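Naming: A, B, ... by sequence-line order, numbering from 1 per chain. Quick caveat: nothing in here was measured; it's all calculated off a predicted structure.
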Amino acid sequence: MAQKPAIPKGTRDFLPTEVAKRNFMFATIKEVFRRYGYAPIETPSFELSSTLLGKYGEEGDRLIFRILNSGEKMRKADLDALAQDNLPRFANSLAEKALRYDLTVPFARFVVQHQNDLTFPFKRYQIQPVWRADRPQHGRYQEFTQCDVDVVGSDALMYEVELVQIFDEVLSKLGLPGFSIQINNRKILSGIAEVCGETARIVDLTVALDKLDKIGDEGVVTELEQKGFTAESIEKIKPLFHFEGTNEAKLNLMRAYLAESEIGLKGLDELSEVFAQINELGLQRGELIFDLTLARGLNYYTGAIFEVKAQGVKMGSICGGGRYDDLTALFGLKGLSGVGISFGADRIYDVMTELSLFPKELDRTLDILFVNFGSEEAKYCMKLLREVRNLGIAAELYPNAAKMQKQFKYANDRNVAYCVVIGAEEAAAGMLSFKNMETGAQEQLSSADFLTKCGQLF
RNA sequence: GAGGUUGUAGCUCAGUUGGUUAGAGCGUCGGAUUGUGGUUCCGAAGGUCGCGGGUUCGAGACCCGUCUUCCUCCCCA
């Protein structure tokens, strides 16, 4: 026997029933995106390394899949860098291309490159796989699909509101019973850093604060101490641990806390505006929550920050996003503000599977099976088959005159709804037997009646 | 990137202190059943024990390496 085949870690094959479910999910998502005025684009699966590197922080760079140069280009390898143990530089000399790590950075590149062809505000959606050289875990893959919606060229808060509505509409339509849409604002985080006198270390501060619900007050304090924060700074951070209550209550507490920080107050104003509008409009199943500890590692966010978690399942965030004012500036186009969100298709799929939210009929890839009795009967079936298929029904004829038991078993395994039996008896009478595979009920029909019935049933 | 964990038939798993020919259930295929499926009964096929090396008279079991699984960090969808 040959060596057993395998696929790389963190990747998966999808069986027909799984693809059907995924397509159902994508169709639902696309339909919502379209109604909000977003149009689809696509970008290459790999970009120049220089496009991606340095955009996701040090951690992110480590997780980017590099594509090894091929052929003579291998000679460009920077052996001096290797000798000096400068592995990043050595890697860069070996790999000029890399698989995309998300859809946001390639989109920023896309906008800059096609700026003269686009009408702003430019609203696009993009559903494509991304790759991360991460350690696989529950709900974490090395290849997974993101569904992004972004709008660039406007800093109107209306879009934050719109994206919250999209979160709510998509996830409600997919049937998630409950989910929290957590929102924060980078300006509020900047304000906190300012109030604490730790503006320079805002990243360390927010990363620690982000873990509050996981490691608790003491854990955060310990982490801050390890990072070298002074006791004085930590004392100023501590009150934040106990800001609880309704969104409004938290906003009010923050307003007092950030009274001295202009940027912090600006962030609060923005957030308040989004809350006010959402309260006016209402949400279906989502709950919008002000989470002042929400930070997210991506350092390009400048305004709103979003994260969505499904209730009732053990799973990390299923969606994320935020506003970025300077992303296109990295590619040479300044003054273009963007805001966008991303649906983690694979995690949402896992959540929906766990909660059994996919419609049953998605398991059906064949509606009608014609039982095969031999070449004469088969010819007759082929004609009927053409009519049935023209009605948009998925139908097929069993390939040979195998035992009926076997043919019905095949129908069962494929979860077929109906079988058509045309043997010598039926053919002689100009009739056919139409069998409901769920109830087992069977009726005799003329071919004309059969087609009429098909039109009604499907 | 750090630490732990897992791998035996298509799937879920047994396999004793190292000892003859590695087992079960489910699934698959064939038959009972030449025009009716899901049930039942009978039978069969299917394994380089993840891969490579080592210890041993002898390794599925012990040791090392490697890949993979799942988990905790890190980070994230």
Side-chain angles (χ1 to χ4, degrees), chain A residues 1-12 15 56-64 87-88 101-104 127-148 167 171 203 207-208 210-211 214-215 219 223 294-299 305-310 314-322 341-351 369-374 377 398 401-428 432-442:
Chain A
M1 189 173 156
Q3 177 79 43
K4 275 184 194 167
I7 54 174
K9 69 175 169 192
T11 65
R12 295 149 300 155
L15 295 167
Y56 308 102
E58 224 173 287
E59 280 298 321
D61 278 3
R62 208 189 69 206
L63 299 177
I64 292 173
L87 293 181
Y101 176 88
D102 71 359
L103 299 177
T104 306
I127 298 179
Q128 291 191 279
V130 302
W131 295 268
R132 294 184 189 178
D134 216 342
R135 197 67 73 93
Q137 253 178 67
H138 179 59
R140 172 181 297 195
Y141 307 97
Q142 292 208 340
E143 176 181 67
F144 61 99
T145 300
Q146 289 195 326
C147 312
D148 275 31
F167 273 140
L171 297 175
V203 173
V207 165
D210 191 46
K211 295 178 187 168
K214 204 171 188 175
I215 60 179
E223 173 142 347
L294 176 63
R296 301 181 58 76
L298 295 184
N299 47 20
I305 304 173
F306 300 108
E307 186 166 290
V308 178
K309 284 185 176 147
K314 189 169 170 278
M315 176 68 75
S317 57
I318 55 175
C319 307
I341 57 175
S342 178
F343 289 79
D346 302 81
R347 284 189 179 177
I348 294 172
Y349 178 94
D350 290 347
V351 168
L369 177 74
F370 283 69
V371 175
N372 191 328
F373 274 87
E377 290 90 340
Y398 197 82
K403 282 171 135 182
M404 292 196 74
Q405 189 179 9
K406 186 167 178 164
Q407 299 196 40
F408 276 108
K409 183 164 166 33
Y410 174 80
N412 264 342
D413 291 346
R414 289 204 54 185
N415 196 25
V416 167
Y418 295 92
C419 279
V420 169
V421 180
I422 305 175
E425 290 170 22
E426 284 88 353
L432 56 79
S433 293
F434 188 56
K435 182 181 173 100
N436 181 323
M437 292 300 283
E438 265 168 48
T439 64
Q442 190 166 314

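Between rC62(B) and rU16(B), the distance separating the two P atoms is 10 Å to the nearest Å. When the P atom is used for both rA24(B) and rG18(B), the distance is 25 Å, rounded to whole Å. A gap of 32 Å separates the P atoms of rU20(B) and rG27(B), to the nearest Å. Nucleotides rU12(B) and rG47(B), compared at atom C1', are 16 Å apart to the nearest Å. Going from the P atom of rA22(B) to that of rG50(B) covers 15 Å, rounded to whole Å. Of the C1' atoms belonging to rC57(B) and rC42(B), the separation is 44 Å, rounded to the nearest Å. The same atom, P, is picked in rG31(B) and in rC67(B); the two are 47 Å apart, to the nearest Å. For the P atoms, the distance linking rC74(B) with rC13(B) amounts to 30 Å, nearest Å.
In this structure, Glu425(A) has no side-chain contact (heavy atoms from CB on, under 4.5 Å) partners at least two apart in sequence or on a different chain. Take Tyr349(A) and apply the ring-ring contact (aromatic ring centres under 6.0 Å, His included) test, not counting sequence neighbours, and it matches Phe358(A).
Residue Gly60(A) is out of contact with every strand shown, counting any heavy-atom pair closer than 4.0 Å. The residue Gln146(A) sits close only to the backbone: its heavy atoms come under 4.0 Å of sugar-phosphate atoms, none of a base. Counting any heavy atom pair closer than 4.0 Å across all strands shown, Glu425(A) reaches a base atom. Within 4.0 Å (heavy atoms only), Ser342(A) reaches no atom of the nucleic acid at all. Residue contacts shown for Cys419(A) are absent, as no nucleic acid heavy atom lies under 4.0 Å away. Using a 4.0 Å heavy-atom cutoff across all strands shown, Val421(A) reaches at least one base atom of the nucleic acid. Nucleic acid contact class of Gly423(A) (heavy atoms, under 4.0 Å, all strands): base. Among the atoms of the strands shown, base atoms are found under 4.0 Å from some heavy atom of Ala424(A). Nucleic acid contact for Lys309(A): none, since no nucleic acid atom lies under 4.0 Å from a heavy atom of the residue. Using a 4.0 Å heavy-atom distance criterion, Glu377(A) is classed as making no nucleic acid contact.
Looking at Leu171(A) and Phe343(A), their side chains come closer than 4.5 Å, going by heavy atoms from C-beta outward. Looking at Phe408(A) and Cys419(A), their side chains come closer than 4.5 Å, going by heavy atoms from C-beta outward. For the pair Val416(A)/Tyr410(A), no side-chain contact is recorded, criterion being any heavy-atom separation below 4.5 Å from C-beta on. Inter-residue side-chain proximity for Arg132(A) and Tyr101(A) is flagged as met; some heavy-atom pair is nearer than 4.5 Å. A 4.5 Å side-chain heavy-atom check between Arg347(A) and Phe144(A) finds every atom pair outside the cut-off. Side-chain atoms of Met404(A) and Val421(A), non-hydrogen and from C-beta on, do get closer than 4.5 Å to each other.
Going from atom OH of Tyr141(A) over to atom P of rC75(B) covers 22 Å, rounded to whole Å. Rounded to an integer number of Å, the gap from CG of Asp413(A) to C1' of rG27(B) is 10 Å. Rounded to whole angstrom, the span from the CD atom of Glu426(A) across to the C1' atom of rG35(B) amounts to 8 Å. Between Gln142(A) atom CD and rC75(B) atom P there is a gap of 18 Å when expressed in whole angstrom units. A straight line from CD of Glu143(A) to C1' of rC76(B) spans 17 Å, rounded to a whole angstrom. Rounded to an integer number of Å, the gap from Ile64(A) CD1 to rG1(B) P is 14 Å. The nearest whole Å value for the distance from the CZ atom in Arg132(A) to the C1' atom in rC74(B) is 14 Å. Distance, Trp131(A) CH2 to rA77(B) C1': 15 Å, rounded to whole Å.
If you take CE on Met437(A) and CG on Asn415(A), they are separated by 9.5 Å, rounding to the nearest 0.5 Å. How far CD1 of Ile422(A) is from CD of Glu377(A): 9.0 Å, rounded to the nearest 0.5 Å. Atom CZ of Phe434(A) is separated from atom CD of Glu426(A) by 13.5 Å, given to the nearest 0.5 angstrom.
Taking every heavy atom of both residues into account, Lys309(A) and Ser317(A) meet most closely at CG-CA, 4.0 Å. Contact record, Ile215(A) with Glu223(A): CD1-OE1, 4.3 Å, taken as the closest heavy-atom pair. Considering all non-hydrogen atoms of both residues, Cys319(A) and Phe167(A) come closest at CB-CE2, 3.3 Å.
Not one side-chain nitrogen or oxygen of Gln442(A) sits closer than 4.0 Å to the OP1 or OP2 atom of rU36(B). A close approach under 4.0 Å does not occur between any side-chain nitrogen or oxygen of Lys406(A) and OP1 or OP2 of rU34(B). OP1 or OP2 of rA32(B) has at least one side-chain nitrogen or oxygen of Lys403(A) nearer than 4.0 Å.
Comparing Arg62(A) and Asp346(A) against RNA chain B, the residue whose closest nucleotide sits nearer the 5' end is Arg62(A). Both Lys214(A) and Asp210(A) lie close to RNA chain B; mapped to their nearest nucleotides by heavy-atom distance, the more 5′-ward contact belongs to Lys214(A).
Applying the 3.5 Å distance criterion, the base of rC76(B) shares a donor-acceptor pair with the side chain of Arg347(A).
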Listed pairs, N/O of protein and of nucleotides 37-39 of chain B, under 3.5 Å:
| from | atom 1 | to | atom 2 | distance (Å) |
| --- | --- | --- | --- | --- |
| rG37(B) | O2' | Asn412(A) | ND2 | 2.5 |
| rG37(B) | O6 | Gly440(A) | N | 3.4 |
| rG37(B) | N1 | Met437(A) | O | 2.4 |
| rG37(B) | N2 | Asn412(A) | OD1 | 2.4 |
| rG37(B) | N2 | Met437(A) | O | 2.7 |
| rG37(B) | N3 | Asn412(A) | OD1 | 2.9 |
| rG37(B) | N3 | Asn412(A) | ND2 | 3.1 |
| rG38(B) | N1 | Met437(A) | O | 3.4 |

Could you go through nucleotides 67-69 of chain B and list every protein N or O atom that sits under 3.5 Å from one of its N or O atoms, giving the distance for each pair?
| from | atom 1 | to | atom 2 | distance (Å) |
| --- | --- | --- | --- | --- |
| rU69(B) | OP1 | Gly10(A) | N | 3.3 |

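The Arg135(A) side chain lies nearest to rA2(B) when the options are rG35(B), rA77(B), rA2(B). Nearest to the side-chain atoms of Arg140(A) among the listed nucleotides rA77(B), rU36(B), rU72(B) stands rA77(B).
Stem analysis of RNA chain B (Watson-Crick or G-U pairs, both distances under 3.5 Å, runs of at least three) returns B:1-4 with B:70-73, B:10-13 with B:23-26, B:28-32 with B:40-44, B:50-54 with B:62-66.
Here salt bridge (Lys or Arg N to Asp or Glu O under 4.0 Å) pairs that include residues 135-144 of chain A, with residues two or more places apart or in two chains, are Asp134(A)-Arg140(A).
In this structure, Phe144(A) counts as stacked on the base of rA77(B) under the 5.5 Å centre distance and 30° plane angle limits.
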